[in-house]
Student: 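Below is a structure I'd like to ask you about.
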Amino acid sequence: MAKRVLLAGGYGVVGAQVARLLRKHHPDTDILIGGRRKAEAAKLAAELGKAGAAAIDVTKPSPLKEIDGIDAVGVFIHENDDHLLNEAARRGIAYMDITRGLDAQLRGLAAAALHAPSAPMLFTSHWMAGGPAVVAKRLAQGLDSVARVDMSILYYTGDKMGPDSASAGAGMSQGFTARVDGAWRKVGPLSDDRAVRFPSGATRPVYRMNMGDVVTLALANGAGEAGVRLGLDKGNSLLAMRRLIRLGLWDLLMKLPGMNAVAATKPGPGAPHEIVIEVEGEAGGRKAARRATIFDAQGQSHLTAVGALYALERVAGLGPTPIGPGAALPETGFTMAGFNRLAALYDAEDIRLAIEGV
């Protein structure tokens, strides 16, 4: 039987792209677009065909009480009270979420563990919905040990983003814990800068940032050191941001109306997105260095949507590597078949993935 998938916030910047990708790659899927603005949901549903619209409000208890027969739900809006998560867990509905910050992701994982759900619950609020984390896991395959995993991101200030991304700078002034020299250590915000050459040929300085990948890149690959770093396409606003942080001015600046992660990163008309992933380790007694690059000319919202589609496939049983019941992360249950599926989706969507040293 065809799967029935609810997309909560499915008419937003990323959610609408996921809806169209789901229809494109799984034409028989019954899609339900949900949110508080039912008229917008209905408009997209009409465009997709074989789709419906539902009014759901995740700020209220039991947001799915009027909806039956759902096989999976993908969440593309913030859940401050976890009503949708808890109801999905109680009802045995497969769940996938890409919008949680670090604290909310920890809370979601704890809730999923306490529910002991009968369906998978995939928390993939990693960079680009966890796709790059899966690529990093592929690079580490076959190594006897992994010394270092690094993910470097080149963010274009003209790229478009949804409203949930615009507040990403709130915690950028805070230090965080990362895997460094074989131990978990506190690192400073926007620290440990280095120059990275990206697939477009541009070389830019990149600086440490905190997100879920910082932890899972280390744990999933057994790495002695792991990091995620961010660079910008124009100038070096991050260097200026670091100076403001050191002077204690950044948090004050973030409180001003209209400010976001980087003053220059208001939603734009669209731009490419580039990622470099590096893995170092040993295989057969010899040092090994592996590298992957990802380039999406359609930008970070498109790359996120493709990663979210891959995650939806896994929880809904639409792809080659479905996840079993319980809490899961992007690297959970990694297989080469699963990686090949992600690579195939990237290729089908004109995302350039290149792997060296494997």
Student: Hydrophobic clusters here meaning ILVMFWY residues chained together by side-chain heavy-atom distances under 4.5 Å, can you tell me if Val134 and Val215 are in one?
Tutor: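 In one cluster with Val134: Val215, no.
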Student: Please check if atom NZ in Lys50 has more than 12 non-hydrogen atoms from other residues, nucleotides or ligands closer than 6.0 Å.
Tutor: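 It does: Lys50 NZ has more than 12 such atoms within range.
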Student: Whether the side chain of Thr124 engages the backbone of Ala129 through a donor-acceptor N/O pair (distance < 3.5 Å, no angle test) should be reported.
Tutor: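 Confirmed, Thr124 side chain pairs with Ala129 backbone.
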Student: Specify the closest pair of heavy atoms between Pro132 and Ile277, including all atoms of both residues, with the distance to one decimal.
Tutor: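 Closest heavy-atom pair between Pro132 and Ile277: O-CD1, 3.4 Å.
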Student: Counting N and O atoms only, with roles assigned by atom type, does the side chain of Arg91 sit under 3.5 Å from a partner on the main chain of Asn86, one being a donor and the other an acceptor?
Tutor: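 A pair under 3.5 Å: no.
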Student: Hey, are the side chains of Leu353 and Val135 touching, using non-hydrogen atoms and a 4.5 Å cut-off?
Tutor: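 A side-chain contact under 4.5 Å exists here.
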Student: Distance only, no hydrogens: is a donor on one side chain within 3.5 Å (strictly under) of an acceptor on the other, for Glu313 and His26?
Tutor: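 A donor-acceptor contact under 3.5 Å links the two side chains.
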Student: Would you say the side chain of Tyr95 lies within less than 4.5 Å of the side chain of Val315, judging by non-hydrogen atoms?
Tutor: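 Val315 vs Tyr95: side chains apart.
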Student: For atom CZ of Arg197, is the number of surrounding heavy atoms from other residues, nucleotides or ligands below 6.0 Å larger than 12?
Tutor: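 Incorrect, the count does not exceed 12.
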Student: Ignoring hydrogens and angles, tell me if any N or O in the side chain of Lys287 forms a donor-acceptor pair with the backbone of Gly281 under 3.5 Å.
Tutor: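 No, the answer is negative, given that no donor and acceptor are paired below the 3.5 Å cut-off.
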Student: Mind running side chain to side chain contact (heavy atoms under 4.5 Å, CB included) on Trp127 and Ile153 for me, showing each step along the way?
Tutor: CA-CA 9 Å; Trp127 197 256; Ile153 298 153; 3.5 Å; yes
Student: Hey, what do you get for OG1 (Thr293) to CZ (Arg291), rounding to the nearest 0.5 Å?
Tutor: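 One finds 6.0 Å between OG1 of Thr293 and CZ of Arg291.
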Student: Show the nearest heavy-atom pair for residues Ala45 and Ala53, with the distance to one decimal.
Tutor: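 Taking every non-hydrogen atom into account, CB-N, 4.3 Å.
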Student: Applying side chain to side chain contact (heavy atoms under 4.5 Å, CB included), run through Leu139 and Ile355 and close with a yes or a no.
Tutor: CA-CA 8 Å; Leu139 291 180; Ile355 293 180; 3.6 Å; yes
Student: Charged N to carboxylate O below 4.0 Å: is that the case for Asp82 and Arg100?
Tutor: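 Yes, Asp82 and Arg100 are salt-bridged.
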Student: Do Met151 and Val358 belong to the same hydrophobic cluster, where Ile, Leu, Val, Met, Phe, Trp and Tyr are linked whenever their side-chain heavy atoms lie under 4.5 Å apart, directly or via other members?
Tutor: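 Same cluster: Met151 reaches Val358 through Ile, Leu, Val, Met, Phe, Trp or Tyr contacts under 4.5 Å.
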Student: Closest approach of Gly10 and Leu44, non-hydrogen atoms and distance?
Tutor: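 Gly10 and Leu44 have their closest heavy atoms at O-CD2, 3.1 Å.
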Student: Quick check against the 3.5 Å criterion: does Tyr156 have a side-chain atom that pairs as donor or acceptor with the backbone of Lys234?
Tutor: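 Judged by distance alone, no pair lies under 3.5 Å.
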Student: Distance check, rounded to the nearest 0.5 Å: Glu282 atom CD versus Ser145 atom OG?
Tutor: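 If I round to the nearest 0.5 Å, the distance is 4.5 Å.
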Student: Ignoring hydrogens, what is the shortest heavy-atom contact between Met121 and Leu85? Give both atom names and the distance.
Tutor: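 Met121 and Leu85 have their closest heavy atoms at CE-O, 3.6 Å.
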Student: Working note: Val187 + Phe176, criterion side chain to side chain contact (heavy atoms under 4.5 Å, CB included); need CA distance, chi angles, decisive distance, verdict.
Tutor: CA-CA 6 Å; Val187 298; Phe176 56 93; 3.5 Å; yes
Student: Under 4.5 Å between any side-chain heavy atoms of Asn210 and Leu102, yes or no?
Tutor: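 Yes, at least one pair of side-chain atoms sits under 4.5 Å.
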Student: Once you round to the nearest 0.5 Å, how far does CD1 of Ile67 lie from CG of Leu6?
Tutor: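 Here the rounded value is 5.5 Å.
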Student: I need the minimum non-hydrogen distance between Phe123 and Ala327, along with the two atoms involved.
Tutor: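 That would be CE1-CB, 4.4 Å.
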Student: Find out if a path of hydrophobic residues (ILVMFWY) with successive side-chain heavy-atom gaps under 4.5 Å connects Met336 to Leu143.
Tutor: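 Same hydrophobic cluster.
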Student: Against the six-membered ring of Phe295, is Arg352 placed for a cation-pi contact (under 6.0 Å from the centre, within 45° of the normal)?
Tutor: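 That pair qualifies as a cation-pi contact.
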Student: Could you tell me whether a side-chain N or O of Thr99 sits under 3.5 Å from a main-chain N or O of Ile77, the two making a donor and an acceptor?
Tutor: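 Here the side-chain-to-backbone pair exists.
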Student: Just verifying a value: how many Å separate Phe339 CZ and Gln141 CD, rounded to the nearest 0.5 Å?
Tutor: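 That separation rounds to 10.0 Å.
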Student: List the residues meeting side-chain hydrogen bond (donor to acceptor under 3.5 Å, both in side chains) with Arg314, not counting sequence neighbours, and say none if there are none.
Tutor: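 For Arg314, the residues satisfying side-chain hydrogen bond (donor to acceptor under 3.5 Å, both in side chains) (neighbours in sequence not counted) are Thr321.
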Student: To the closest 0.5 Å, what do you measure between CD (Glu278) and CG (Asp150)?
Tutor: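 Rounded to the nearest 0.5 Å, the CD-CG separation comes to 6.0 Å.
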Student: Side chains of Leu7 and Leu312: closer than 4.5 Å at any heavy-atom pair?
Tutor: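 Yes; the side chains approach each other to less than 4.5 Å.
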Student: Start with the C-alpha gap between Leu154 and Ile275, add the side-chain angles, then the distance that decides, and say whether side chain to side chain contact (heavy atoms under 4.5 Å, CB included) holds.
Tutor: CA-CA 6 Å; Leu154 183 59; Ile275 300 171; over 6 Å; no
Student: Do any pairs count as a salt bridge (Lys or Arg N to Asp or Glu O under 4.0 Å) and have a residue in residues 21-33, sequence neighbours left out, and if so which ones?
Tutor: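 For residues 21-33, and leaving out neighbouring residues, the salt bridge (Lys or Arg N to Asp or Glu O under 4.0 Å) pairs sorted by first residue read Arg4-Asp30, Lys24-Glu349.
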Student: Looking only at atom types and distance, does a side-chain atom of Glu274 sit under 3.5 Å from a main-chain N or O of Ser200, one as donor and one as acceptor?
Tutor: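 A pair under 3.5 Å: yes.
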Student: Mind checking the CG-CZ spacing from Leu217 to Arg179? Nearest 0.5 Å is all I need.
Tutor: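 Those atoms lie 13.0 Å apart.
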Student: Less than 4.0 angstrom from a charged side-chain N to a carboxylate O is my criterion; do Arg20 and Glu47 meet it?
Tutor: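 Yes, charged N to carboxylate O under 4.0 Å.
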Student: Ile323 and Ala328: which non-hydrogen atoms are nearest, and at how many Å?
Tutor: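 Nearest heavy atoms, Ile323 then Ala328: CG2-CB, 3.8 Å.
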Student: Taking the side chain as every heavy atom from C-beta outward, state whether Glu79 and Asp81 have any pair of such atoms under 4.5 Å apart.
Tutor: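 In short, these two side chains do not touch, never coming nearer than 4.5 Å.
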Student: Are Glu87 and Ser62 linked by a side-chain donor-acceptor pair shorter than 3.5 Å?
Tutor: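 Judged by distance alone, the side chains do not pair up.
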Student: Go through the side-chain N and O atoms of Asp193 and Ser191 and say whether any donor and acceptor fall under 3.5 Å apart.
Tutor: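 Not at all, the side chains of Asp193 and Ser191 share no donor-acceptor pair under 3.5 Å.
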Student: Taking the inter-plane angle between the rings of His273 and Tyr155 on a 0 to 90° scale, is it parallel (under 30°), tilted (30 to 60°) or perpendicular (over 60°)?
Tutor: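 Ring orientation, 0 to 90° scale: perpendicular.
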Student: Tell me if a side-chain donor or acceptor on Tyr310 pairs with a main-chain N or O of Gly338 at a distance below 3.5 Å.
Tutor: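 The answer is yes, because a donor-acceptor pair under 3.5 Å joins these two groups.
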Student: Main chain of Leu303, side chain of Asp296: is a donor-acceptor contact present, judged purely on distance under 3.5 Å?
Tutor: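 Here the side-chain-to-backbone pair exists.
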Student: Between His126 and Ala133, is there a donor-acceptor pair closer than 3.5 Å when you use the side chain of the first and the backbone of the second?
Tutor: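 No: the side chain of His126 does not pair with the backbone of Ala133.
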Student: Quick one: does Arg290's side chain have a donor or acceptor within less than 3.5 Å of a partner on Ala136's backbone?
Tutor: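 No, the answer is negative, given that no donor and acceptor are paired below the 3.5 Å cut-off.
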